[in-house]
Number of protein chains: 2
Amino acid sequence: MADNLSTVSSANLAEAANVNPAKVRKDLSYLGSNGTRGVGYDRMQLCFEIRGHLGLYHESPIIIMGAGNLGSALANYSEFSNSGFYVVGIYDLDPDRIGTAINGQKIRHIHDLEADVSTHGVTIGVITTPPEAAQETAERMVAAGIQSILNFAPTVIHVAESVNVRRVDLSTELQILSYYRGQHPEEQAS
Amino acid sequence: MADNLSTVSSANLAEAANVNPAKVRKDLSYLGSNGTRGVGYDRMQLCFEIRGHLGLYHESPIIIMGAGNLGSALANYSEFSNSGFYVVGIYDLDPDRIGTAINGQKIRHIHDLEADVSTHGVTIGVITTPPEAAQETAERMVAAGIQSILNFAPTVIHVAESVNVRRVDLSTELQILSYYRGQHPEEQAS
DNA sequence: AGCTGTGAACATATTCACAGCC
DNA sequence: GGCTGTGAATATGTTCACAGCT
């Protein structure tokens, strides 16, 4: 790791990310050939290129559906601002929660959703509702104009094919760990 | 979907999970052949089989490192109890938080970690610390006897190969959505 | 007839290995 | 000499398609 300051090699990156150097090179090659043979990748150029490809130069507004513990945690998640996202609203049905502020964000009633989405041009929404409300919530989000959904509720939601859905299930993650424990001593990620 | 009550077909399951029926069958076949040709899978037997394979018949103790918003949210996450996990301790360094209770769970000082892990025989730990503390925390967990780590900190941690690590990065999830938006109208998950 | 279980076909992802450039 | 970029080789994952059981 005799680090040159302005440059980084696929081997360096691979070590940091716990992956194979060839994979780093192949993946980066899809963004165009930005490295210099015999030298490596220019750090700044690489950052620039990656951020560009991820669309992080325009900050994207997101909404959070459900102001329970997880929704509140996400509203406070400062990492989002470093990653090109900002929360424009947190929505709930519970009258006790509505109007309460989380990290400067007022919790809003779900009937403000449609207006907010169109005002701010939001296309990404996060579901942190209880599982039984997730499907209905998803449908309402889609109807309001949301195109991409990150679903933390432990349910599979069904929406139009054109809507992008990713599911993150915390229990499932633990179950996967639990399953691998003792069975496969190999690393599967990092 | 002419549902028989005690039996379920790979097509039923596939529809619910948004995947291909053949995949369901192939996956289930790894647990042994539990279906009946011409009929389907017996619901109860299937549940039993899957729970067994995931090791959910013995409840597993877990610990949570970091009592910030996310750690607190996880401590309250009721779905864990339905999935075979229970939280034996939440640990933090902040003196203002220690002793405070979250959902009946007292936040404990990190120096109780080693004793608690060995007393309860904990093998799974969750990291919800700030990123700069994650590596150190992971090392301490491993030294205490933790064998599987679920890492929510936006950092890649490096530990012995024998330790199972899964990373869940909330910003990355959004970035993936953001990347796919507009590019691939196909579904990638559910 | 209906549905599982699975080899074979296909698709995708990862790694190797080396030519080509600096 | 050192490191990228990439075809070819390998490994893994998914789907097809159908034989075989009920």
Side-chain angles (χ1 to χ4, degrees), chain A residues 1-50 52-53 156 161 164-167 172 176 179-180 183-190, chain B residues 1-50 52-53 156 161 164-167 172 176 179-180 183-190:
Chain A
M1 251 225 235
D3 277 333
N4 179 302
L5 280 132
S6 62
T7 223
V8 63
S9 74
S10 61
N12 298 157
L13 292 168
E15 192 190 358
N18 250 313
V19 298
N20 185 296
K23 186 181 204 305
V24 171
R25 292 202 297 280
K26 185 145 276 183
D27 287 358
L28 290 180
S29 79
Y30 290 120
L31 315 184
S33 298
N34 302 329
T36 313
R37 293 170 193 226
V39 180
Y41 299 90
D42 181 84
R43 288 185 140 92
M44 280 179 46
Q45 195 197 334
L46 194 57
C47 281
F48 179 80
E49 210 68 46
I50 292 172
H53 275 268
V156 175
E161 286 265 309
N164 237 287
V165 181
R166 287 184 68 81
R167 201 168 79 94
T172 301
I176 294 170
Y179 177 78
Y180 276 106
Q183 315 235 4
H184 305 243
E186 313 95 57
E187 196 93 331
Q188 343 110 245
S190 307
Chain B
M1 251 224 237
D3 278 333
N4 178 302
L5 279 133
S6 62
T7 222
V8 65
S9 73
S10 60
N12 297 158
L13 292 169
E15 192 190 358
N18 251 311
V19 297
N20 184 295
K23 188 182 205 305
V24 171
R25 292 201 298 280
K26 185 144 274 185
D27 287 358
L28 291 180
S29 79
Y30 291 121
L31 317 184
S33 297
N34 302 329
T36 311
R37 293 171 192 222
V39 180
Y41 299 90
D42 180 84
R43 287 185 140 92
M44 280 181 46
Q45 195 196 334
L46 195 57
C47 281
F48 179 79
E49 210 68 47
I50 293 172
H53 275 270
V156 175
E161 287 264 310
N164 237 288
V165 180
R166 287 186 68 82
R167 201 167 80 93
T172 301
I176 293 169
Y179 177 77
Y180 276 105
Q183 316 236 1
H184 305 243
E186 313 95 56
E187 196 94 329
Q188 342 110 244
S190 307

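Everything numeric in this text was worked out from a predicted model, so none of it was measured. Residue numbers start from 1 in every chain, and the chains themselves are labelled A, B, ... in the order their sequence lines are given, proteins ahead of strands.
Regarding A/Leu46, its CG atom lies at a distance of 16 Å from the P atom of D/dC3, rounded to whole Å. We find that CG of A/Asn34 is positioned 17 Å from P of C/dC21, with the value rounded to whole Å. The separation between B/Asn18 atom CG and D/dT15 atom P is 12 Å, rounded to whole Å. For the pair B/Asp42 CG and C/dC3 P, the computed distance is 16 Å after rounding to whole Å. Put simply, CG on A/Leu31 is 14 Å from P on D/dT4, counting in whole angstrom units.
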Please report, to 0.1 Å, the donor-acceptor pairs under 3.5 Å made by any side chain of residues 34-42 of chain A, with sequence neighbours excluded.
| residue | atom | partner | partner atom | Å |
| --- | --- | --- | --- | --- |
| A/Asp42 | OD2 | A/Met44 | N | 3.3 |
| A/Asp42 | OD2 | A/Gln45 | N | 2.9 |

Under 3.5 Å donor-acceptor pairs involving side-chain atoms of residues 19-33 of chain A, not counting sequence neighbours:
| residue | atom | partner | partner atom | Å |
| --- | --- | --- | --- | --- |
| A/Asn20 | OD1 | A/Ala22 | N | 2.7 |
| A/Lys23 | NZ | A/Asp27 | OD2 | 3.3 |
| A/Arg25 | NH1 | A/Ser10 | OG | 3.1 |
| A/Ser29 | OG | A/Lys26 | O | 2.6 |

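Look at B/Ser9 and you won't find any side-chain N or O under 4.0 angstrom from OP1 or OP2 of C/dC3. Side-chain N/O atoms of A/Tyr41 include one lying less than 4.0 angstrom from OP1 or OP2 on D/dG5.
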Atom pairs, N/O to N/O, protein against nucleotides 14-19 of chain C, distance under 3.5 Å?
| residue | atom | partner | partner atom | Å |
| --- | --- | --- | --- | --- |
| C/dT14 | OP2 | A/Lys23 | NZ | 3.2 |
| C/dT15 | O4 | A/Lys26 | NZ | 3.2 |
| C/dC16 | OP2 | A/Asn20 | ND2 | 3.2 |
| C/dA17 | N6 | A/Arg25 | NH2 | 3.2 |

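Nearest heavy-atom pair across B/Thr7 and B/Arg43 is O-NH1, 2.9 Å.
Atom CD of B/Glu49 is separated from atom CG of B/Leu46 by 8.0 Å, given to the nearest 0.5 angstrom.
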